[in-house]
Number of protein chains: 2
Amino acid sequence: MELSERKLKILQAIISDYIRTAEPVGSRTLSKKEGLDYSPATIRNEMADLEEMGYLTHPHTSAGRVPSDKAYRLYVNELMDKPELTQNEKAIIANRLRDTTVDFEKTIEHAASILSEITNLTSFAMTPKKTEDVIKYINLLSVDEETVVLMIVSESGKVSNKAVKMSVPYTEESLELLSKTMTYNYKGKTVSQALTNNIIANFETDVVAMSGMAEDVMPNFMKTLEDMLNVNLYMEGLSNIFDIPEYSDISKAKSFIEMLTQKDEITKKLIERDDGITVTIGDENEDSNLQDCSLITASYSVDGKLVGKIGVIGPTRMKYSKITSIIEYLTENLTDTFKLESGETADESSEDADENGPENQGEEINE
Amino acid sequence: MELSERKLKILQAIISDYIRTAEPVGSRTLSKKEGLDYSPATIRNEMADLEEMGYLTHPHTSAGRVPSDKAYRLYVNELMDKPELTQNEKAIIANRLRDTTVDFEKTIEHAASILSEITNLTSFAMTPKKTEDVIKYINLLSVDEETVVLMIVSESGKVSNKAVKMSVPYTEESLELLSKTMTYNYKGKTVSQALTNNIIANFETDVVAMSGMAEDVMPNFMKTLEDMLNVNLYMEGLSNIFDIPEYSDISKAKSFIEMLTQKDEITKKLIERDDGITVTIGDENEDSNLQDCSLITASYSVDGKLVGKIGVIGPTRMKYSKITSIIEYLTENLTDTFKLESGETADESSEDADENGPENQGEEINE
DNA sequence: AGTTAGCACTCCACGGTGGCGAGTGCTAAC
DNA sequence: GTTAGCACTCGCCACCGTGGAGTGCTAACT
């Protein structure tokens, strides 16, 4: 059976009505809609067809129709119109995003919380996976007789460090030599390359003279590199999931929250997802705990390379169009921020962040 | 009215029964208990007295008795016996705690998750408030023509850094001079002292020759110091709160989770709490969302000075005795860890962490 | 052939009812 | 002071019965 013009219209009406009200939609309600000037009976016939085709379901005989995941998929792919955000809405997002005084991590966390507040959904944001980050600079710095600080600076401007207890005496000169040798050996390599290259072995043969120092430093070097690969996940608005009617059942809510709080799992899944805006709806999600939810994620980039993810999780019955627009705009903004400022010095704007007046801060973007 | 020996016995029996079963306790049940060889009627009389004195309540006429917060308080203060953990239980905690390969932050997070798993409650752990941390060392390091890295090392071994974009040209020598001057000025001061001293103003007058560089560096210095004051809060086992019968009501559960996920608020409250083991029961908590819960917190220290907190939140009906012992042991262990290793190099044990065999890892401490 | 009115039917939601069980409070006897 | 006995209270639960919303089908209409 083909999806006639009229069927599409009806389907769209059902979907948007259901998204708005969370109530099954009946034929009478629909027939009163603008642009659907048919009797309830006619609409019922069409709905029966749509149900047969898998676009609608029926909680029980005498209830209205509810869109299926298949219907949402059609809606997202073809039916919905993605509205441009208004200037005002954009200003709210941009202002709040700029209103971060601290570092990169905090900005990401902040972005998640903005997203959650605006959408009234649970949001999350993942810092970039830094596998491809390139080592720029390695330095060892004397702190006291037995402590040095190992410091790794990467092309993306990230600085990682670790205090190292030295078991052998050292001089400023030997420290500098070791720093230079390490920089020479690893500069230009990505973090993951450096890690796979079996660093320690290489070193022992290369620079026998200071093998004692290297023995102290290298394990810490590896650990710091590993640390640099770590991805942080921030989650905000967790309690919003209680607005999903499916989770008014406590045991379901519990297992859902259990799943969401397993950051490692979530992170893995986020990494696997495609870059760009990605929507998965209901049973398109593998995880059984997610089958009543939809996920919208998008990626932002840092320095044009490293890719982080941000997104929301909510009921399949969510405002796909609006939310997609919001996330799109938010990630564009993030990417811009991290291009412009090239690294950590992203905070001159803290003084004039409220130039559009503080009255914008608390507003909410609706509909 | 006095609390006779017999009343205390009955009260204790009710409390421990109720903690175990979560069901109101009736007179018949009690009279069958070891050591309470009175008829139900006698016990009923005593219970009526206890209720009048405020130690028991009554969900409704024909239900058994339930301990009041006042009763729990009495129990915690006087009635309960704090059992020493068995060697096996201690080994489980110690082993799992040692099984952290990474840094300080991760260890704290790990401790929270251990605590949550063992107690089946929601746990949290706060990293120390570093107000009292003493600045040991400040360094500026050239990365490229326009970027330097500012690094602050503290007595407790914590290293903080920040990449700084320089708006004026600089030489290695001027960098070193600035580092030395800063170190000279701030070494020995605590982070909070340094912050209150109006650093920037001081500097402009002192070292006119490099005021351009200082103008770039000082704001970042302040921000980094502020950053050092940040306290991180980790929370684990959030979903365990659904086991509290009070929160089988969705709207209550929602507002509860809302409260718990406001990290700033929670952090503030944790900081305010006394050091050492502290138990607050039900309505002893100011927050209205916490009035059905009890909180047990304890403090651990790092380097003998900085104090962090760790604790659990659960139903007033929790196993106070067991949980107190667990938290006590855990914090002792944490304090030891951070004394021994003095700083960041806390990970040699990663290889032999499972010396007692991996079969211990999954076990749970019951009763 | 497509559309519509009419009607019987289905099923949920909701409020009331009655029996059961657990546990109490009181009284009177031990 | 302790206990047995008994009436009473209340929550829980299962069981209606009714009302409303919405459907599917059929037959009539355009």
Side-chain angles (χ1 to χ4, degrees), chain A residues 1-11 13-15 17-18 20-33 35-68 71 245-246 248-250, chain B residues 1-11 13-15 17-18 20-33 35-68 71 245-246 248-250:
Chain A
M1 204 183 314
E2 272 302 295
L3 271 175
S4 68
E5 191 70 21
R6 194 170 70 182
K7 281 198 175 61
L8 280 177
K9 248 187 185 163
I10 292 177
L11 188 54
I14 294 176
I15 293 173
D17 222 66
Y18 186 69
R20 203 167 38 81
T21 64
E23 295 289 322
V25 186
S27 53
R28 256 179 60 88
T29 323
L30 282 175
S31 81
K32 277 183 256 164
K33 273 250 151 65
L36 283 177
D37 301 318
Y38 301 94
S39 76
T42 312
I43 292 178
R44 277 206 291 281
N45 286 330
E46 296 287 48
M47 291 201 297
D49 289 350
L50 284 167
E51 182 162 5
E52 211 175 308
M53 296 162 79
Y55 290 106
L56 295 177
T57 51
H58 227 179
H60 57 268
T61 13
S62 70
R65 293 316 207 286
V66 168
S68 68
E246 282 79 5
S248 54
D249 174 36
I250 284 286
Chain B
M1 202 183 315
E2 272 302 296
L3 271 174
S4 66
E5 191 70 22
R6 192 169 72 181
K7 282 197 174 59
L8 280 177
K9 245 188 188 165
I10 292 177
L11 189 55
I14 293 177
I15 293 173
D17 223 66
Y18 186 69
R20 204 167 39 80
T21 64
E23 297 286 325
V25 186
S27 53
R28 256 180 58 88
T29 324
L30 282 174
S31 80
K32 275 183 257 163
K33 273 249 150 65
L36 284 177
D37 300 320
Y38 301 94
S39 76
T42 312
I43 291 178
R44 276 205 292 280
N45 288 330
E46 296 286 48
M47 291 201 297
D49 289 348
L50 283 168
E51 182 162 4
E52 211 174 308
M53 297 162 79
Y55 290 107
L56 294 178
T57 51
H58 226 176
H60 57 268
T61 13
S62 68
R65 293 316 206 287
V66 169
S68 68
E246 283 78 6
S248 55
D249 174 36
I250 283 288

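Please read these numbers as outputs of a predicted model, since none were measured by experiment. Note that these values count all heavy atoms, side chains included, but never hydrogens, waters or copies made by symmetry. Just so we're on the same page: letters track the sequence lines, and every chain starts at 1.
- Around the NZ atom of A/K33, the shell of radius 6.0 Å holds more than 12 heavy atoms that belong to other residues, nucleotides or ligands.
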Show your reasoning for whether side chain to side chain contact (heavy atoms under 4.5 Å, CB included) applies to B/L11 and B/L56.
CA-CA 8 Å; B/L11 189 55; B/L56 294 178; 3.8 Å; yes
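- In this structure, A/N45 atom CG and D/dG22 atom P are separated by 17 Å, rounded to whole Å.
- Residues from residues 57-66 of chain B lying near DNA chain C, meaning a heavy-atom separation below 4.0 Å, are B/H58, B/T61, B/S62, B/A63, B/G64, B/R65 in numerical order.
- Here CD of A/E5 is found 6.5 Å from NZ of A/K9. Values are rounded to the nearest 0.5 Å.
- When distances run from any side-chain atom of B/R44 to the nucleotides C/dA5, D/dG24, C/dG25, the shortest one goes to C/dG25.
- If you take CZ on A/R65 and OG1 on A/T57, they are separated by 9.0 Å, rounding to the nearest 0.5 Å.
- If you measure from atom CG of B/L56 to atom P of C/dG25, you get 11 Å, rounded to the nearest angstrom.
- DNA chain C contains the following stems of three or more consecutive Watson-Crick or G-U pairs, with both distances under 3.5 Å: C:1-30 with D:1-30.
- Note: CG (A/D37) to P (C/dT3) measures 13 Å, nearest angstrom.
- Side-chain proximity of B/S39 to the nucleotides C/dT24, D/dA4, D/dC25 is greatest for D/dA4.
- The environment of B/R28 atom CZ is sparse: at most 12 non-hydrogen atoms of other residues, nucleotides or ligands sit within 6.0 angstrom.
- One atom, CD of A/E51, and another, P of D/dC25, lie 11 Å apart when rounded to the nearest Å.
- Rounding to the nearest 0.5 angstrom, the gap separating the CG atom in A/L30 from the CZ atom in A/R44 is 11.0 Å.
- For B/R28 against C/dG23, a side-chain-to-base donor-acceptor contact under 3.5 Å is absent.
- Atom CD1 in B/I43 sits roughly 15 Å away from atom C1' in C/dG25 (whole-Å rounding).
- Atom C1' of nucleotide D/dT2 and atom CG of B/L30 are separated by 17 Å, given to the nearest angstrom.
- Between the NZ atom of A/K32 and the P atom of C/dT4 there is a distance of 16 Å, rounded to whole Å.
- To the nearest 0.5 Å, the span separating NZ on B/K32 from CG on B/D37 amounts to 13.5 Å.
- Here the straight-line distance linking atom CG of B/N45 with atom NZ of B/K7 works out to 9.5 Å at 0.5 Å rounding.
- Between A/Y38 atom OH and D/dT30 atom C1' there is a gap of 15 Å when expressed in whole angstrom units.
- Taking OH from B/Y55 and CD1 from B/I15, the interatomic distance works out to 10.0 Å, rounded to the nearest 0.5 Å.
- Of the side-chain N and O atoms in A/S27, one or more sit less than 4.0 angstrom from OP1 or OP2 of D/dT23.
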